[in-house]
Structures are given as structure tokens and as C-alpha cells.
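Counting convention: from 1, in listed order, for ligands and their atoms alike.
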Amino acid sequence: MDLRQLPTSTVLSEHISLCRLDGVDIIRILHPECQAAISLFGGHLLSFQPQGHKDLIWMSEAADFSGKSPIRGGIPVCWPWFGKVASPSHGFARSSVWELESFNDQKSHVTVTLTLHDTPKSRAIWPYRFHNRLHFEFDKTLKVQLTSTNTDQRPWHMSGALHTYLAVGDIMQAKLSGLGNEYLDGLADQQRLPTNGVLQFDDAVDRVYSRAEDTMYLEDPALFRRLRMHNHGHDSAVVWNPWQSGAAGMADMTPDGYTTMLCVESAVAGQSIVLKPGQSHHLSTEIGAE
Ligand SMILES: O=P(O)(O)OC[C@H]1O[C@H](O)[C@H](O)[C@@H](O)[C@@H]1O
């Protein structure tokens with residue numbers, strides 16, 4: 001995604017502009033430390049490229065920016081549930097329009113905060129009141145924090161994920177570590193299986209690592225780099241790559257798209273979290289290149 005080519009709608013500050021791509025409004029950051037983009041549709045981080053590096057985040061060449069369906073790539077926000085436990089799959093936050101609450105453009109970094117709260121439309125899908133805040137901090141690393149607050153008078157349950165699509169040079173050479181000692185295999189009837197915490201790739205994976213470490217590393221020899229991911233507020237790391245056969249069944253992924261991506265998600269995918277009225281939960285991820 002060439003961020004400089006996006007047509008500017010409004011200049012917000014020296015390094016931050018509002019742009020438009022098809023049906024979505026995009027906050028674009030062109031800062032000496034990094035370039036980044038966030039779609040208001042989905043509150044969806046689209047790109048993060050620290051100075052001197054290729055993008056750390058993968059975006060599908062066939063992604064749909066109509067604003068009608070979730071965007072394939074970036075960091076979709078799965079909320080208030082993860083997976084297909086209800087409809088729509090991965091919740092409604094990734095296909096809702098978030099509001100820009102504030103931004104702060106500094107010499108050393110940029111922050112952007114978006115919000116999403118309940119509406120009659122959201123309550124028709126999920127009958128609760130909530131207030132979500134999504135805070136992004138950009139410098140040499142990317143920090144994303146989702147704060148979910150119960151503004152209802154009843155307790156409610158939530159699960160979810162920051163469903164990060166990491167960019168890799170060649171998935172066949174990549175190695176992910178820090179995964180803990182067991183996983184549930186989504187491609188084998190949710191069997192609970194032991195592991196040494198390291199994963200290499202030669203086929204589709206869809207796994208929930210329920211004892212992942214807070215910090216994971218993705219070795220990427222093809223791009224001569226290692227990505228570091230530090231998660232917080234999660235109970236699992238979900239790892240997903242659809243491989244060739246899965247990509248072939250997706251209208252918004254090119255046939256070879258799977259070779260340059262790996263989803264490593266900071267997720268609440270085990271037991272859902274109960275929030276009482278007034279309580280909040282923070283789910284975050286920090287990503288950098290070494
Ligand atoms: O196609 P989506 O709804 O975006 O979901 C993409 C993937 O998300 C997660 O990683 C799940 O574990 C996978 O089972 C799912 O296929």
C-alpha cells in the first residue's frame with residue numbers, strides 16, 4: 001500500500017492527514033520515525049512501516065475497501081467475540097465505523113485514539129451498552145491498546161482479538177517462537193496437543209496457543225529481520241495461515257498471498273471475560289523489528 005498516493009481529504013497536523021480510499025476514511029501518518037495508516041471502518045490498522053524497514057504489517061493485494069465487509073490484512077479488531085461463536089464472525093467491531101477522538105503529533109512519536117460505542121444497530125446484534133477506546137502509538141514500534149468498558153447496568157461477557165497479520169518475506173523460511181507448551185488445533189477438532197513452543201510452516205495452521213509467552217518472536221530470514229511481539233491482557237496467541245487451499249477459497253486474498261503473511265493474534269479466546277458495570281478490560285500488542 002503506497003500511503004503517499006492516497007488522496008488527502010483534510011490535513012490534521014504536520015504529520016497526520018485524513019485520506020479516502022474507495023469507501024473508507026483513512027488516517028495517514030507520514031512521520032520521520034515511521035509511516036502508518038488506520039481505517040476508521042473497523043478501527044483497523046492497515047500499515048506500519050518504521051523508518052528503514054519494509055512494512056511490518058501485511059495487507060492483502062485483493063483487500064476490499066468498500067467499507068461493506070472486513071478488510072483482509074492489517075489488524076482487524078475482533079470484538080465482542082472471537083471466532084464464529086455468534087454472527088457476524090469475529091464480532092461487529094471490525095465492520096463498524098469508529099470515531100476519531102484525538103491525536104497527538106510529536107517530534108518523537110504520534111498517537112491516535114479512536115472510539116466505538118453502542119448504537120441501536122449494535123444493540124440489535126448484541127444487546128449491551130459499551131464504550132471501546134482504541135489507542136495507537138507510533139514511533140519505532142507500534143503499540144495498540146483496546147480498552148473495553150461496560151457502560152450497561154448489567155454484566156456482560158466478551159472475548160476478542162487484535163488479529164495481527166504480520167508481513168513475512170517467505171513463510172516457508174519463517175520461524176515463530178514463544179508459543180508455550182500446548183495448543184488447541186482448529187484443524188484437528190480442537191485437539192489439545194503438546195509443543196516445544198516453536199513453529200515452522202509447510203501447511204495450513206489455525207491454532208490457539210493457550211500458554212503462549214507474553215513476548216513472541218518471528219524470525220524472517222528472507223527479509224533479514226526478526227519481529228518482536230509483546231502482548232498484554234490476552235489469554236492466548238492465535239496463529240493462522242490458510243495456506244494455498246485456504247487462500248484459493250477467499251475472494252479477498254490472491255492465490256500466493258499466504259506466502260507473505262502470518263497471523264499472530266493477541267487474543268481472549270479461552271474463557272470469555274466478564275465485565276461488571278463500570279469495569280474495563282485492556283487488550284494490547286506492541287510490535288517492532290530487530
Ligand atoms: O476470514 P476471517 O473471518 O477474517 O477469519 C480468519 C481466521 O481468523 C482466525 O485466525 C481464526 O482462528 C481462523 O479460523 C479464521 O479463519
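Nearest to atom 13 (C) of ligand 1 among the protein's heavy atoms is Asp206 OD2, 3.2 Å. Atom 2 (P) of ligand 1 has Arg72 NH1, 3.7 Å as its closest protein atom, hydrogens excluded (heavy atom only). The nearest protein atom to atom 10 (O) of ligand 1, hydrogens excluded, is given as Glu265 OE2, 2.7 Å; this is a heavy-atom distance. Protein heavy atom at the shortest distance from atom 6 (C) of ligand 1 is Trp240 CH2, 3.6 Å.
When all heavy atoms of Leu166 and Trp58 are compared, the closest pair comes out as O-CB, 3.7 Å.
Below 30°, between 30° and 60°, or above 60°: for Tyr128 and Trp126 the angle between ring planes is above 60°, a perpendicular geometry. Classification of the Phe130-Phe92 ring pair by plane angle, with boundaries at 30° and 60°, yields tilted.
Short contacts between ligand 1 and Ser89, defined as distances under 4.0 Å to a heavy atom of the residue, involve ligand atoms 3 (O).
Side-chain contact annotation: Gln106 with Asn104, donor-acceptor N/O pair under 3.5 Å present.
Residue contacts with ligand 1 for His90 involve side-chain atoms from C-beta outward but no N, CA, C or O (heavy atoms, distance under 4.0 Å). Heavy atoms of Val238 found under 4.0 angstrom from ligand 1 belong exclusively to the side chain.
Comparing Met253, Arg94, His163 by heavy-atom distance to atom 3 (O) of ligand 1, the nearest is Arg94.
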Inset, instruction - Would you check, one step at a time, whether the test side-chain contact (heavy atoms from CB on, under 4.5 Å) holds for Met1 with Leu46? - result: CA-CA 9 Å; Met1 170 172 274; Leu46 303 175; 4.2 Å; yes
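Using a 4.0 Å heavy-atom cutoff, Arg207 is absent from the residues neighbouring ligand 1. Taking 4.0 Å as the cut-off, Lys84 does not count as a neighbour of ligand 1 on heavy-atom distance. Ligand 1 does not have Gly186 within reach: every non-hydrogen atom of the residue lies 4.0 Å or more from it.
The structure places OG of Ser9 at 9.0 Å from CZ of Arg28, a figure rounded to the nearest 0.5 Å.
The side chain to side chain contact (heavy atoms under 4.5 Å, CB included) search around Pro127 returns none, not counting sequence neighbours. Shown here are the salt bridge (Lys or Arg N to Asp or Glu O under 4.0 Å) partners of Asp252, two or more places apart in sequence or in another chain: Arg72.
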